[in-house]
Amino acid sequence: MASALPHQPAVEHEPQQQTDIVVKDDEQTEILQSLSSETAQAILVELRDEPATASEIADAVDTSLQNAHYHLKRLSDATLIEPVDTWYSVKGTEMTVYALTTRRLVIQFGGKGRRDAGSATDG
């Protein structure tokens, strides 16, 4: 995503290769709930190639800034994205830069394990 704003240095961020999630039989997860929205899915696709600010994401997925912030918070709470930098607009406003936390998310159902968002495996 190219930007017209001059205060956006390159962000060095490398997401994990894979994160494994095990959903117990009687458990609903924040991750599944956050992924249920088409807007949230579009945001993840938008962040696939490079980090972006909320306003860039809102423009790219054709939603309001308020709606983008709502989904960014839910995705961040579910540890699917994370803030990786802060950029400044021409007017000096701080803008959080978001990026994916993992390249591949594997969800297993019915296991006896628990969520292990920190595990990174090659696969």
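Atom set for the values below is all heavy atoms of this structure, side chains included, hydrogens, waters and symmetry mates excluded.
- Here the shortest heavy-atom pairing between Tyr88 and Glu94 reads CE2-CG, 3.1 Å.
- Taken to the nearest 0.5 Å, the CG atom of Leu44 stands 11.0 Å off from the OG1 atom of Thr102.
- Closest of all the heavy-atom pairs between Thr96 and Pro83 is CG2-CB, 3.6 Å.
- Side-chain heavy atoms closer than 4.5 Å link hydrophobic residues (I, L, V, M, F, W, Y) into clusters, and following such links, even through other members, never connects Leu47 to Leu65.
- A donor-acceptor distance shorter than 3.5 angstrom exists from the side chain of Gln41 to the backbone of Leu35, with no hydrogens or angles considered.
- The CD1 atom of Ile81 lies 6.5 Å from the CD1 atom of Ile57; values are rounded to the nearest 0.5 Å.
- Here the shortest heavy-atom pairing between Tyr98 and Val84 reads C-CG2, 4.3 Å.
- Both Val97 and Met95 belong to a common hydrophobic cluster when Ile, Leu, Val, Met, Phe, Trp and Tyr are linked at side-chain heavy-atom distances under 4.5 angstrom.
- Using a 4.5 Å heavy-atom cutoff, the side chains of Gln33 and Arg74 are in contact.
- For Thr101 (side chain) and Thr79 (main-chain N/O), a donor-acceptor pair under 3.5 Å exists by modelled atom type.
- In terms of heavy atoms, Ser34 sits closest to Ala40 at O-CB, 3.2 Å.
- Scanning both residues, Ala54 and Leu72, for their nearest heavy atoms gives CB-CD1, 3.6 Å.
- With rounding to the nearest 0.5 Å, the separation of OH in Tyr70 from CG in Leu75 is 10.0 Å.
- In this structure, the separation between NE2 on His71 and OG1 on Thr39 is 4.5 Å, given to the nearest 0.5 Å.
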